[in-house]
Amino acid sequence: MTDERRAAEVLPVRFFGRPAEIIARELIGAVVVSQVGGLYTAGRIVETEAYLGYDDPASHGYRHRRNAQNAELYGRPGNWYVYLSYGMHWCANLVAHAEGSGSAVLLRALEPLAGLDVMRQRRGVESARLLCAGPGRLTQALGMSRALDGAAMRSSDVVVLRPEAAGGEVSVTPRIGITKAAEWPLRFVAAGSPWASRPARAASSPRGSFRGRSRG
DNA sequence: GCGCCGATTGGCT
DNA sequence: GCCAATCGGCGCC
């Protein structure tokens with residue numbers, strides 16, 4: 001196994017048995033290690049979003065709606081829920097809170113740490129900036145697909161390691177790319193990270209529109 | 001059955 | 001900034 005996986009601990013199932021917004025915040029700084037296809041890639045989580053299940057209009061678990069695609073969202077906390085977005089891109093979630101709750105945390109961006117050449121080959125781009133900056137990009141870079149859907153993270157080809165040091169500042173903002181309940185403060189970003197799916201807000205915005213607030 | 005929509009991305013104006 | 005690609009789910013009535 002890799003140096004990263006020896007040096008740190010894979011997150012235990014109990015880590016995920018709490019509300020999704022707590023999981024989403026604490027996952028910032030954790031490291032995702034993939035060995036899909038025998039190829040080693042890894043990245044640090046810099047951006048997540050929480051989807052709260054029954055009461056969250058933007059959640060695939062809203063009112064516990066079920067279909068063939070989202071069945072694994074109702075599995076055990078700590079399981080992968082991977083679905084096809086816009087008919088083209090895989091989006092990877094970790095089930096949170098409680099079995100049947102329909103709540104999960106979406107991985108939105110990683111800082112590439114290892115296997116960048118593998119990522120470049122899978123993504124078909126050279127720029128490190130574009131390897132894992134977005135939910136569809138990071139799954140492609142790490143080889144994550146529907147094959148992971150429903151798998152227990154700890155025993156799958158893609159594991160998440162507990163952050164070794166206390167995390168830095170985390171910014172909380174509205175969620176991206178949705179129309180329902182988008183303004184709920186459920187997007188979490190490593191403050192100032194250049195690896196997020198959107199560049200850090202400019203020091204002064206011409207229109208001064210809201211882009212989020214930093215919290216300690 | 002038909003048409004629209006979506007937790008996205010990349011190419012073009 | 002606009003928009004096509006691409007497909008499963010949903011409402012329609």
Would a distance-only check, ignoring hydrogens and angles, find a side-chain to backbone donor-acceptor pair under 3.5 Å from A:Glu47 to A:Phe188? no
Which residues in residues 134-151 of chain A have a heavy atom closer than 4.0 Å to any atom of DNA chain B? A:Gly134, A:Pro135, A:Gly136, A:Arg137
Electrostatic pair A:Glu26:A:Arg18 at N-O distance under 4.0 angstrom: yes
Which is true for A:Asn93 with a 4.0 Å heavy-atom rule: it touches a base, it touches only sugar-phosphate, or it touches nothing? base
Specify the closest pair of heavy atoms between A:Ala20 and A:Ala104, including all atoms of both residues, with the distance to one decimal. CB-O, 3.8 Å
For A:Leu130 and for A:Val105, locate the closest nucleotide of DNA chain B by heavy-atom distance; then report the residue assigned to the nucleotide nearer the 5' terminus. A:Val105
In whole Å, what is the span from the CG atom of A:Leu131 to the P atom of B:dT9? 13 Å
Is the closest side-chain donor-acceptor distance between A:Tyr74 and A:Glu72 under 3.5 Å? no
Does B:dA7 have its OP1 or OP2 closer than 4.0 Å to a side-chain nitrogen or oxygen of A:Ser59? no
When you measure from the side chain of A:Ser101 to the backbone of A:Ala96, do you find a donor-acceptor pair of N or O atoms at a distance under 3.5 Å? yes
Salt bridge (charged side-chain N to carboxylate O under 4.0 Å, His left out): which pairs involve residues 90-107 of chain A, sequence neighbours left out? none
Return a table of donor-acceptor pairs under 3.5 angstrom between the side chains of residues 80-90 of chain A and protein atoms on other chains or two or more places apart.
unit_1	atom_1	unit_2	atom_2	d
A:Trp80	NE1	A:Ser156	OG	3.2
A:Trp80	NE1	A:Val158	O	3.1
A:Tyr81	OH	A:His60	ND1	2.7

For A:Tyr62 and B:dC5, what is the distance between atoms OH and C1' respectively, to the nearest whole Å? 16 Å
N/O-N/O pairs, protein side and nucleotides 11-13 of chain C side, under 3.5 Å:
unit_1	atom_1	unit_2	atom_2	d
C:dG11	OP1	A:Arg65	NH2	3.4

Residues from residues 115-126 of chain A sitting under 4.0 Å of DNA chain B, heavy atoms only? A:Arg123
Could you list all the salt bridge (charged side-chain N to carboxylate O under 4.0 Å, His left out) pairs where at least one residue sits in residues 50-71 of chain A, not counting sequence neighbours? A:Asp56-A:Arg175
Strand DNA chain B as a dot-bracket string - pairs counted if Watson-Crick or G-U with both distances under 3.5 Å, | where the partner lies in another strand: ||||||.|||||.
Counting only pairs under 3.5 Å, give me each side-chain donor-acceptor contact of residues 117-127 of chain A, with atom names and distances, residues two or more places apart or in other chains.
unit_1	atom_1	unit_2	atom_2	d
A:Asp117	OD1	A:Arg120	NH1	3.2
A:Arg120	NE	A:Glu126	O	2.7
A:Arg122	NH1	A:Ala141	O	3.0
A:Arg122	NH1	A:Leu142	O	3.4
A:Arg122	NH2	A:Val36	O	3.2
A:Arg123	NE	A:Leu130	O	3.2
A:Arg123	NE	A:Leu131	O	3.3
A:Arg123	NH1	A:Gln140	OE1	2.7
A:Arg123	NH2	A:Leu130	O	2.8
A:Ser127	OG	A:Arg129	N	3.2

Using a cut-off of strictly less than 4.0 Å, decide whether A:Arg108 has a side-chain nitrogen or oxygen near OP1 or OP2 of B:dT8. yes
Using every non-hydrogen atom in the two residues, find where A:Pro112 and A:Cys132 come nearest and quote the distance to one decimal. CG-SG, 4.2 Å
Of the candidates B:dG6, B:dT8, B:dA7, the side chain of A:Tyr51 sits closest to B:dA7
Short N/O separations, protein against nucleotides 6-8 of chain C, under 3.5 angstrom:
unit_1	atom_1	unit_2	atom_2	d
C:dT6	O2	A:Tyr86	O	2.3

Members besides A:Val189 in its Ile/Leu/Val/Met/Phe/Trp/Tyr cluster (side-chain heavy atoms under 4.5 Å): none
Take the protein atom OH of A:Tyr83 and the nucleotide atom P of C:dG9, then report the distance between them rounded to whole Å. 13 Å
Whichever hydrophobic residues join A:Tyr54 through chains of side-chain contacts under 4.5 Å: none
Show the nearest heavy-atom pair for residues A:Val13 and A:Pro77, with the distance to one decimal. CG1-O, 3.8 Å
Taking atom types as modelled and ignoring hydrogens, do the side chains of A:Arg187 and A:Thr173 form a donor-acceptor contact shorter than 3.5 angstrom? yes
Pairwise P distance, C:dA5 and B:dT13 [rounded to whole Å]: 15 Å
Could you tell me how far apart A:His60 (NE2) and B:dT8 (C1') are, to the nearest whole angstrom? 12 Å
Please state the P separation for the pair B:dC12 and C:dT6 - nearest whole angstrom. 15 Å
Which part of the nucleic acid, if any, lies within contact of A:Leu106, taking any heavy atom under 4.0 Å across all strands shown: a base, the sugar-phosphate backbone alone, or nothing? base
Please give, in whole Å, the distance from B:dT8 P to A:Leu107 CG? 13 Å
Atom of A:Val31, atom of A:Ala42 and distance for their closest heavy-atom approach: CG1-CB, 4.5 Å
Starting at atom CG of A:Asn70, determine the distance to atom C1' of B:dG6, rounded to an integer number of angstrom. 14 Å
Among Ile, Leu, Val, Met, Phe, Trp and Tyr joined by side-chain contacts under 4.5 Å, find the other residues sharing a cluster with A:Ile22 and list them by chain and number. none
Between A:Asn67 and A:Gln69, is there a donor-acceptor pair closer than 3.5 Å when you use the side chain of the first and the backbone of the second? yes
